[in-house]
Each structure stands twice: as structure tokens, then as C-alpha cells.
Amino acid sequence: MRPHPFAVLFFLLSTVSSSASSTLASGDGDDNDDAADVVVVGLPPGGRYTRRMTPIEETDISAGGGSHQEEIVADLSPNFERSKRRRRRDRLTLLRGLQSSCDLGSGRFTYVSPAGTDAAGSGSDASSPYATIQYAVDNAEPCETIHVMSGTYYNDKYGSGQNHYKSVVNLSGVSHLTLKAHDMGGAGAAAGDPRPKIKFDGPGGIICNSANPCSHLEISGLEIEGPNKDMSYVEALANRNSLGASLIKYASRGVAVWKGDHIALSDMIVHDCPGSGMRVNKGDYISITDSVVYDNTWWSPRAESAIVLAESLAVDTETDKIKMTLARNEVYGNINKIPYYNPNYDWDYSPIGGYDCGAVDACDPSSPSYSNTLEDCPWQCRYGKSTQNYIIDGMGVYVTRNRDTYLHGQMTLEDNLCAGNGINGVVFHRTDRGTVRRNTVHSNGVVPVLEIPEPAPEEWHASASGKSRQRYSGLVLNNADGVKLWSNTVAARYDDDYAFKQEDDGGAPSPVEAGGNNKACRGLIQMDPYDIVTAVTDLSVCGLSSNEDEDEEDTPVPTHAPTLAPTPTPTDPPAFVEIACGDKCHLIQWPYTMHSSYPPITSLAQCEDACESSGDCRAFSLQYDYAAQNGDEKCFLYRDSEEPSPPKCANDPFNAGGGCSYGTVDGRFYVRPQARDEYNVSDYAGARRR
């Protein structure tokens, strides 16, 4: 018997109403089930920290694990409850229309400028904009696009000298919203129209509290600047052990989503934030792409990293689907300059390796031996304590502590540039199922090694004087199963640092699921299987100067300076991308059709047209036509309807060996981006040696 349509509608409405009511009833704070919230005495209403004390293994520290960061709950806007009630009504309206959601960007457009007015009747066009992003958010309709115009947007109480809980934009409880830099029809960007800037001195630039999760958000084209430049090492160190409001600005983040799903952050410039540049905890369907994240994590005592996905929570059971993506980001200069401190650690507690710190008198503040604690108390027992005088935290691109929480879904870290960060460039930590590919990692490990004098000593090096950092400064897989590792290029800072490293609590790590064409330009290699990484001597392969005679240290800089104008509206991606194939440009085990030959001056365009016109073509190649012997190039079309065979030729085919590719003269190979990723079509390892 089919259910009556009104019965179905009643069930849907009651489900949403119940969910919305429970959300309205919840207060500020973290809803983490495996840890109790710890409210710090002296915090004003609405603000509190959430601390977690899950023990971590010593391998976490050596290979780039790390402590758990705490949520700083930003104040909700005065309009929060009103706007949440309105959003609840909007959700019910959508359901009454038998819709569950709407397409992002399909709703109305509103506009914001610092020169505008926060009032009814404003915001509908660029000539009469709202004044603040928060007002626009609070008054947004489902699937609205908020165009943020050029100018600088500050949090309330900015520059007052007070410690406060005011973020510039609080997206707690918000869903189905696009927040983007205003595109002046191309003319503004072309004329150098400045990128809109969010500038903060509170808990962060853009915040979403865990008690009121956010979802289905797209944020792009913004610059976020924190207060690093307005602080000093001496000031930050003096506040290292602070609690409550006095710590807020020293641990603040550019973007901090503490719970949410279906969130895309792209074309962002995030810098000078004392804590993380961009982080998402308890998320699913998250992408952070095409952004520049630099000079963050300097002054926080909370062991922060630049870009972070942590404690992710799947919202469905799509285990094999790529749902978490960190791609094409430039991440540099993110360094912990203040030692980690956790006020919840008792003197005899050690989160590292199960040390019995209670048996060491020199670790006990009440013992006469405590005067010698720096000499006689093991460094593991001083981790996170006021006596920690070393720095072993702070990564570039970092996914962490997802194994126990993220049970369905794949993570991809690809095409990132990570240079000049404090410890490692890329770390896949306590996280399963993912792909790490085509990342360029060099010049990390900026935190000093005591045995090696720094070329330019800095004031903050005093905080790292008690112990050397771990001897890893590249790419690390730490307690990570089901990970694929393809075509990464890594140069450690020193020859005896690890460029590629695997760690596991159980001793021998599980072999990498698949991989190859990885190159270590400098540093040690410890991977299983070992042959997925090749040591090379050409530093230029890893983005460094190849002049071995230079004594100067390679300067960790991005491939290009951050642009201050918003990136124009993205153009369509290229239909095909070229793969460096050297002298083996024909994939003979990919089903193919031999097409026509063309003169070199027109061959590329004509072969691409032939591929597009065929309706069954995932890639094409060009090579010297031996039969014609007149300089023309033969066009080969690789069919999309048939799979490569044998199976090994379906994974990194130019480097798979065993007859997957065939010798050519003056060959070129082009593949659709989707097929490149599906079959991991990477540059031929021998292409640079031609």
C-alpha cells in the first residue's frame, strides 16, 4: 500500500521541526561526545574553551602528530536567534514545496561595502550596499550570494585593546550561502581593484561554532589578515600560560569551522593569524583550494598548523568517494614560535609514549628536585607544561586524528606547494584512505636543529633551545592506512633530515597502498615499498635552485607573490592537460585509434578537435609519422569506452613499466583532467633526463 502524500509530508515536517527545535535549545560550546567541555573561570557569557586530552604516542611527536587544539567560541551576533528562527521558517517553506535544498548561487544577490548602510532597503545592488558582512549573513535568504566589495572589514571592538569574543563573520547555524569577492564584471579585477579584506583581532576572521554547525557554504576571493604584525615574541611568550579571554587573540584563526559539511573555501589569501590559517574540524565534503596561506601560527601556544582537517565526521556512507580535498594551495612561513602549553595537563601526566612522569622527582613542582627540572625531568614529561622549552609542532598541510571518527570517505592532498614551514610540509596523520599526489615540498623544518647553527638567528629561537626538533622536514605518513602516494617532489632542509617518512605505533607501518614517481631531491627516505621514491640530485625538480656552488640557503618563497586583487570569475578548466612523456609518449595498452597525420603547426589543434569530435576519447597523443617521413605528426586517440589492460597500465601508466608505454620521437601526450586523476597519469620519471 502506498503511503498517503500528506502522511509523508507530515513526517518530513515533524523531522525538520524536531531537528530545528533541538538546535535552538542548544547553547554555545562544543558537542564532542568523547570529551567533557571545560569552562574556564573568568570567561564572559558566551565564550569558552573546549579542551580535549586524548593521549598521543611518541611517534606522533617525532613524525608530526600533535596535540588537540581548543575551540574558542566566538560571540554570536545580536541577530542570531532571530535569523535562526527565520532560517528555520525558510527550511519549512522549502519542504512544503517538496524541496530539500536549493542550488548555491540560485537565490538573490546582495552587496556589502564598508561605505554602505546596515538597514532594511539596502543591500539589493552595488550602489546601495550593506555595511557589514555579518548583517548581510543575518538577513540572507536560502542560496543567496553575498558579494563582498573592496574595502576592509573589521570585527566589533577592533583596535580597542580589549580581549573579546567578536569575530568579523560568524556563520554558526548558517547554510546554503555563497560569500564571494564582488566581481566588477572583470573590469575591477583587471584594473587592480583591491581584494576585500577581513581584518581581525578577536577569535578569528570567519568562525562557525560547533554547537551550531554550518553547511553548504562557498567562500571565495577574500583576504583575511590576523594580528601577528601587531604582536611581538616577548608579548606572546608572556601570555603563553594565560587562560580565558587574555589568550584569545594569541590563539585566533583565519577561518575556523568547528563543525560543518559541504563547505568550499577557494581563492583565499590568509596570513598573519596567530593560530591556524584555515581549519575545519568535524567536517565532511570539505574543500580548501587555490589559496595562499602564509605567516600564520606564530604566536599561538596551541601547537597549530596552517591548513587542517581534523576529527572529521562523515554525513553519509560513501566510503570510496573523494569528499575531502586540499589542493593547489601555496603554504609557507607558518611556524610555531611559542612552545605548546596545555593548562589541563597535570604535572605527572605525559601524552607521549606512556612515560611514568610521576616517578621522576624533578618533574614534581612540590619537590626540592624541581629546581633541576630542565636537566632531570625528561622532555616527554615537560611536553605541554610551563617548562617546555622546545618546539616540535607546526605543519603546512595537515590532516589529523580522523581515523576513529571519519569512517566513510576519501581525502586528497594534491598539487600543494609547502615551503618554509616550521616542521613538515605535508602530513597525513592518524587518517586512513586517501591520496597524496603532485605536491611540491621543500625548505621546511625552519624550527632549529641545535647541532646546526642557524644562518640568521632570531629572537624566538630561544623558545626552541631546550631540544632539537625532530629530524623530519618533508612529507610524512603517520599511522595512515590505505594511502596512495604519487608524483610528489620533496627536498628536506638538511641531508640527514627525512624527506619521506612513514611511522606507525605498531612498529612496521603498513605498505603504501599504491604509488610511484615520487622524488627526494635532498634528505633520507623511509617508505614501504622503498622503490616508490627515487633519490635525485637535481634540486630544480623540487622547486629549488640547482646551483650547488651557492652557500646560501634556498629561500622558502611561493612560486608567485599573493595577488591583492580577487581572482576574476574562474574560466572553464582546460579540456586537456599535457603530461611530460619524454621519449615514451604512446600508451600502447590503452585502447586507441590511429587517426590522421597533421603538419606540426596545426597538429595540436586538429588532434584535439578529432578527440572532441569522436565522442569516445579520454586522451590523445602526437608523434613523428614514420610512414610519411615528411615531418607530419600522427594523431592517436585513446578510447574512453574501454579500460586499459593489463590493470597495472591503469595506474601511473608512464611509470608502470612492463610495456605500458611505447617509444616515440618528438612525442606529446594530452589527457582530460578527470582521466588524469582517475588513472593517476603522472609525468614520466625519465622525461627530465632526456
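As the structure is a prediction and not an experimental result, all values here were calculated from the model.
- For Tyr250, the ring-ring contact (aromatic ring centres under 6.0 Å, His included) criterion is met by no residue, not counting sequence neighbours.
- At least one donor-acceptor pair closer than 3.5 Å links the side chain of Asn296 to the backbone N or O of Asp272.
- A salt bridge links Arg195 with Asp267: the distance from a Lys NZ or Arg NE/NH1/NH2 to an Asp or Glu carboxylate oxygen falls below 4.0 Å.
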message = What verdict does the side-chain hydrogen bond (donor to acceptor under 3.5 Å, both in side chains) test give for Tyr406 and Asp284, after you've listed the backbone C-alpha separation in whole Å, the side-chain angles of each residue and the deciding distance to 0.1 Å?
response = CA-CA 9 Å; Tyr406 196 62; Asp284 197 14; 2.6 Å; yes
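- Looking only at distances, no side-chain donor or acceptor of Arg618 sits under 3.5 Å from a matching main-chain atom of Arg672.
- Remark: Lys282 fails to qualify as a cation-pi partner of Trp258 under the 6.0 Å distance and 45° angle criteria applied to the six-membered ring.
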key: Residues His429, Met395; criterion side-chain contact (heavy atoms from CB on, under 4.5 Å); working and verdict   = CA-CA 11 Å; His429 169 248; Met395 314 299 158; over 6 Å; no
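- Between Val257 and Cys214, some side-chain heavy-atom pair lies under the 4.5 Å cut-off.
- The ring-ring contact (aromatic ring centres under 6.0 Å, His included) search around Phe576 returns Phe620, not counting sequence neighbours.
- For the pair Lys249 and Asp201, the salt-bridge criterion is not met [side-chain N within less than 4.0 Å of a carboxylate O].
- With sequence neighbours left out, His262 forms a ring-ring contact (aromatic ring centres under 6.0 Å, His included) with His216, Tyr285.
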task = Determine, stepwise, if the pair Thr297 / Asn334 fulfils side-chain hydrogen bond (donor to acceptor under 3.5 Å, both in side chains).
result = CA-CA 6 Å; Thr297 76; Asn334 304 284; 5.2 Å; no
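- Using cut-offs of 30° and 60° for the angle between ring planes, the Tyr111 and His182 rings count as perpendicular.
- Put simply, the residue from Asn416, Leu326, Val331 that forms a side chain to side chain contact (heavy atoms under 4.5 Å, CB included) with Asn439 is Asn416.
- With respect to the salt-bridge test (charged N to carboxylate O, under 4.0 angstrom), the residues Asp261 and Lys323 do not qualify.
- Within the 3.5 Å criterion, the main-chain N or O of Thr132 finds a donor-acceptor partner in the side chain of Asp118.
- Ion pairing between Arg328 and Asp290 holds under the 4.0 Å rule for side-chain N and carboxylate O.
- For the pair Asn155 and Lys166, the tightest heavy-atom approach, listed with the atom from each and the gap, is CB-O, 3.3 Å.
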ask   = Taking it one step at a time, do Asn228 and His271 satisfy side-chain hydrogen bond (donor to acceptor under 3.5 Å, both in side chains)?
value = CA-CA 9 Å; Asn228 269 359; His271 61 98; over 6 Å; no
message = As a quick check of understanding, evaluate side-chain hydrogen bond (donor to acceptor under 3.5 Å, both in side chains) for Thr431 and Asn402, giving each step before the final call.
response = CA-CA 5 Å; Thr431 301; Asn402 298 291; 2.9 Å; yes
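- Counting heavy atoms of neighbouring residues, nucleotides and ligands inside a 6.0 Å radius, atom CD of Glu612 exceeds 12 of them.
- Ion pairing between a basic and an acidic side chain is recognised when a charged N comes within 4.0 Å of a carboxylate O; Glu304 and Arg279 show such pairing.
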